[in-house]
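For reference, the structure is listed below as structure tokens.
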Amino acid sequence: SKAGAEAAAKGLTGKAAEEYIRNRALTAATLAAHAAEGTLSAGSIAEQARAQGMEWEDYVAPAVAAGVGTALIGYGAGKAGAKMGIGDIETSIAARAAGVKDMGVTQGPALTGFIKEITKEGFFEEMPQSAQEQIFTNVATGRPWDEGVDKASAQGLMAGLATAGGHNAVMTALKQNSVDAMPMGT
């Protein structure tokens with residue numbers, strides 16, 4: 001593998017090489033998860049505009065811009081959160097799929113971690129993603145750019161609070177009970 005060759009070129013062997021390869025794989029999986037989220041956003045906006053009779057050349061740029069924005073906001077919020085020990089749902093799923101536990105999981109006391117994770121996911125990820133997706137949907141469909149942005153922002157905030165709260169609660173329970181969740185695909 002490319003990561004294996006890079007590890008060898010850096011003179012890494014054994015556990016150090018294994019850790020390097022694992023981290024590269026998890027980074028790639030996390031990037032892919034955020035890119036997939038952005039792709040879904042772009043496709044949804046394009047389909048809404050197409051269904052409303054808009055021409056491809058009128059909606060493709062806003063749809064792609066929204067997809068890129070969604071991916072970048074998600075990835076950026078995840079990276080910033082990781083530096084502060086705050087969990088990230090996409091990273092956690094990617095890590096568990098790779099058989100790695102406790103990555104993408106909020107560190108520290110349960111209540112503090114819960115507050116940090118819902119703040120990161122709600123206020124710094126889902127709310128801005130939803131706002132910019134609504135703006136680009138409006139542009140793609142010929143509506144006023146700010147129509148419904150407040151409602152979409154509130155819905156994004158609530159979705160982020162709920163998903164992060166659920167993720168944090170499950171991961172906290174698993175840690176407290178010393179139970180490993182089954183990796184995805186098993």
Side-chain angles (χ1 to χ4, degrees), residues 1-7 10 12 15-44 66-133 153 155-186:
S1 76
K2 182 178 178 185
E6 289 173 3
K10 293 177 181 283
L12 301 175
K15 290 275 188 195
E18 186 178 305
E19 181 77 14
Y20 179 84
I21 293 166
R22 185 186 80 185
N23 285 337
R24 291 293 307 265
L26 290 172
T27 297
T30 301
L31 283 170
H34 290 291
E37 185 179 15
T39 301
L40 289 171
S41 174
S44 175
V68 169
T70 294
L72 290 175
I73 291 167
Y75 184 73
K79 290 297 275 186
K83 290 182 187 299
M84 296 180 275
I86 302 172
D88 182 63
I89 295 166
E90 290 86 353
T91 301
S92 177
I93 292 169
R96 289 211 171 259
V100 178
K101 64 177 185 171
D102 295 332
M103 187 168 272
V105 178
T106 300
Q107 304 302 312
L111 182 58
T112 303
F114 177 80
I115 292 168
K116 286 179 179 181
E117 191 166 343
I118 64 171
T119 300
K120 190 248 346 153
E121 190 75 21
F123 287 97
F124 298 111
E125 189 168 344
E126 295 299 331
M127 187 170 68
Q129 283 177 331
S130 296
Q132 63 94 32
E133 288 168 1
S153 297
Q155 290 172 337
L157 173 62
M158 296 311 292
L161 296 176
T163 57
H167 174 257
N168 185 271
V170 168
M171 293 296 111
T172 298
L174 290 174
K175 283 194 298 189
Q176 288 175 346
N177 293 316
S178 297
V179 175
D180 293 332
M182 297 269 299
M184 292 178 61
T186 59

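Note that the numbering runs from 1 along the sequence shown for the chain.
To the nearest 0.5 Å, atoms CD1 (Ile73) and NE2 (His34) are separated by 11.5 Å. Distance check, rounded to the nearest 0.5 Å: CD1 of Ile86 to OG1 of Thr91 gives 12.5 Å. Separating the CD atom in Glu121 from the CD1 atom in Ile89 is a distance of 4.0 Å, to the nearest 0.5 Å.
With sequence neighbours left out, Ser44 forms a side chain to side chain contact (heavy atoms under 4.5 Å, CB included) with Gln48. Legend: residues meeting side-chain hydrogen bond (donor to acceptor under 3.5 Å, both in side chains) with Glu133, ordered by chain and number and at least two apart, are Ser41, Thr70. The side chain to side chain contact (heavy atoms under 4.5 Å, CB included) check on Thr112 picks up Pro109, Lys116, with sequence neighbours excluded. Residues satisfying the salt bridge (Lys or Arg N to Asp or Glu O under 4.0 Å) test with Glu19, not counting sequence neighbours, are Arg22. Qualifying side-chain hydrogen bond (donor to acceptor under 3.5 Å, both in side chains) partners for Tyr20, counting only residues two or more places apart in sequence or in other chains: Glu6, Arg24. With sequence neighbours left out, Leu31 forms a side chain to side chain contact (heavy atoms under 4.5 Å, CB included) with Thr27, Tyr75.
Proximity of Met171 to Arg96: side-chain heavy atoms (C-beta onward) are separated by under 4.5 Å at one or more points. A heavy-atom distance below 4.5 Å is found between the side chains of Gln129 and Glu126.
Counting only residues at least two apart or in different chains, salt bridge (charged side-chain N to carboxylate O under 4.0 Å, His left out) contacts with residues 66-92 comprise Asp88-Lys120.
Although no hydrogens or angles enter the test, the distance criterion places a donor-acceptor pair under 3.5 Å between the side chain of Gln132 and the main chain of Ala66.
Across all their heavy atoms, Ser130 and Gly156 have their closest contact at OG-CA, 3.2 Å.
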Let me have the donor-acceptor pairs involving side chains of residues 161-170, under 3.5 Å, with sequence neighbours excluded, atom names and distances please.
residue	atom	partner	partner atom	Å
Thr163	OG1	Ala159	O	3.0
Thr163	OG1	Gly160	O	3.4
His167	ND1	Glu117	OE2	2.4
His167	NE2	Ser92	OG	3.1
Asn168	OD1	Thr172	OG1	3.4
Asn168	ND2	Glu117	OE1	3.1

